[in-house]
Amino acid sequence: MSARPPIRVLLADDHTLVRRGVRLILDGEPDLTVVAEAGDGAEAVAAARANEVDLAVLDVAMPRMTGLQAARELSRRLPELRILILTMYDNEQYFFEALKAGACGYVLKSVADRDLVEACRAAVRDEPFIYPGAERALVRSYLDRVEGGGGLPERPITEREEEILKLVAEGHTSKEIGELLFISAKTVERHRANLLQKLGVRDRLELTRYAIRAGLIEP
């Protein structure tokens, strides 16, 4: 009986040293192999489309496009691709956003050496994975919301507005954002005006502060 081919992994993180460390963990396993790397979410989407990949491991906080934004895009374009979110944030909101974005697992960087290999194998078996210790708190939080009649909090802005907010906060001009997202600068300006109104802020500085609080960019 022939051995099953290794799981082909795309690894996306904007820190080269983190990617190197995670790659060492994954390539050290006979059933896992990193076949592509990316330094931001947009590169990750392009790499997943250009390579034959079974699993994408995406950092949350990356330039141009976050791991969550990339996960949404990949889920739409490559529905068979399994996705894991790798993050330093022990945050229930990110966890729920990751599930909504199409990810099947959420692994903390602080325990990646312990959990990541197991999470990769679970993802390819189409089984959900969250880091040990989180389950009870997440379930309790969800039940508290349901009992209070709240359910999950609604997203205050659309996915497109979130993409534009992130790029504005990173300092890109409307022309540059339009080129990155394949829309006109005028459309970017319209979205930007909507963001200011929806979020109740006045200028790019306040948009940037909101983007940091929302985890779209690092301070």
Side-chain angles (χ1 to χ4, degrees), residues 9-19 22 34-53 55-89 93-94 97-98 100-103 155-219:
V9 181
L10 160 66
L11 178 58
D13 194 296
D14 57 320
H15 296 101
T16 306
L17 284 175
V18 173
R19 287 206 311 273
V22 173
V34 177
V35 296
E37 293 188 26
D40 63 48
E43 281 182 16
V45 172
R49 299 183 72 194
N51 296 274
E52 290 196 11
V53 178
L55 172 68
V57 178
L58 308 174
D59 181 32
V60 168
M62 293 189 287
R64 292 207 294 165
M65 183 185 279
T66 69
L68 296 176
Q69 290 170 338
R72 291 186 204 114
E73 185 74 9
L74 289 170
S75 294
R76 281 193 289 262
R77 292 177 179 268
L78 301 167
E80 297 302 310
L81 180 67
R82 299 289 175 256
I83 299 169
L84 280 179
I85 296 296
L86 182 65
T87 179
M88 66 174 62
Y89 302 110
Q93 185 61 40
Y94 284 142
E97 289 289 344
K100 286 198 291 185
R155 174 187 294 277
I157 58 177
T158 67
E159 290 178 15
R160 176 60 95 191
E161 287 168 346
E162 184 184 275
E163 290 172 341
I164 288 168
L165 169 61
K166 177 174 172 59
L167 293 168
V168 167
E170 288 176 348
H172 295 281
T173 65
S174 293
K175 183 173 182 293
E176 290 168 342
I177 294 170
E179 288 169 356
L180 283 167
L181 300 179
F182 305 104
I183 56 178
S184 70
K186 186 177 286 186
T187 301
V188 174
E189 288 294 338
R190 192 171 70 246
H191 281 300
R192 187 171 173 157
N194 288 342
L195 280 166
L196 292 171
Q197 184 178 16
K198 275 187 178 183
L199 301 176
V201 298
R202 294 168 298 178
D203 52 29
R204 190 180 73 80
L205 179 60
E206 290 188 354
L207 282 175
T208 302
R209 287 179 182 144
Y210 180 90
I212 291 170
R213 288 198 307 273
L216 294 174
I217 64 170
E218 294 181 327

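No hydrogens, no waters, no symmetry mates; every other heavy atom, side chains included, goes into these values.
Between the CD1 atom of I157 and the CG atom of L165 there is a distance of 5.0 Å, given to the nearest 0.5 Å. Considering CZ of R19 and OG1 of T16, their distance stands at 4.5 Å, rounded to 0.5 Å. Considering CZ of R82 and OG of S75, their distance stands at 10.0 Å, rounded to 0.5 Å. To the nearest 0.5 angstrom, L10 atom CG is 8.5 Å from L55 atom CG. The distance from the NE2 atom of H172 to the CD1 atom of I177 is 7.0 Å, given to the nearest 0.5 Å. Distance check: I164 CD1 to L180 CG gives 11.0 Å after rounding to the nearest 0.5 Å.
Between E159 and the options K166, K100, R76, a salt bridge (charged side-chain N to carboxylate O under 4.0 Å, His left out) holds for only R76. Partner of S174 under the side-chain hydrogen bond (donor to acceptor under 3.5 Å, both in side chains) criterion, chosen from E189, H191, R190: E189.
Checked against side chain to side chain donor-acceptor pair (under 3.5 Å), R77 has the following partners two or more places apart in sequence or in another chain: E73.
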| said: Walk me through whether L167 and V188 qualify under side chain to side chain contact (heavy atoms under 4.5 Å, CB included). | reply: CA-CA 10 Å; L167 293 168; V188 174; over 6 Å; no
| request: Could you go through the side chain to side chain contact (heavy atoms under 4.5 Å, CB included) check for L58 and L74 one step at a time? | output: CA-CA 11 Å; L58 308 174; L74 289 170; 4.3 Å; yes
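Nearest heavy-atom pair across I85 and A71 is CD1-CB, 4.5 Å.
With hydrogens and angles disregarded, a donor-acceptor distance shorter than 3.5 Å links the side chain of D203 to the backbone of E206.
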Give the table of side-chain donor-acceptor pairs shorter than 3.5 Å for residues 59-70, with sequence neighbours excluded, one pair per line with atom names and distance.
{"residue": "D59", "atom": "OD1", "partner": "K109", "partner atom": "NZ", "Å": "3.3"}
{"residue": "R64", "atom": "NE", "partner": "D40", "partner atom": "OD2", "Å": "3.1"}
{"residue": "R64", "atom": "NH2", "partner": "D40", "partner atom": "OD1", "Å": "3.4"}
{"residue": "R64", "atom": "NH2", "partner": "D40", "partner atom": "OD2", "Å": "3.3"}
{"residue": "T66", "atom": "OG1", "partner": "L68", "partner atom": "N", "Å": "3.4"}
{"residue": "T66", "atom": "OG1", "partner": "Q69", "partner atom": "N", "Å": "3.0"}
{"residue": "Q69", "atom": "OE1", "partner": "T66", "partner atom": "N", "Å": "2.9"}
{"residue": "Q69", "atom": "NE2", "partner": "E162", "partner atom": "O", "Å": "3.4"}
{"residue": "Q69", "atom": "NE2", "partner": "E162", "partner atom": "OE2", "Å": "3.1"}

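A salt bridge is defined here as a Lys NZ or Arg NE, NH1 or NH2 lying under 4.0 Å from an Asp or Glu carboxylate O, and E163 with R160 meets this definition.
Around the NZ atom of K175, the shell of radius 6.0 Å holds no more than 12 heavy atoms that belong to other residues, nucleotides or ligands.
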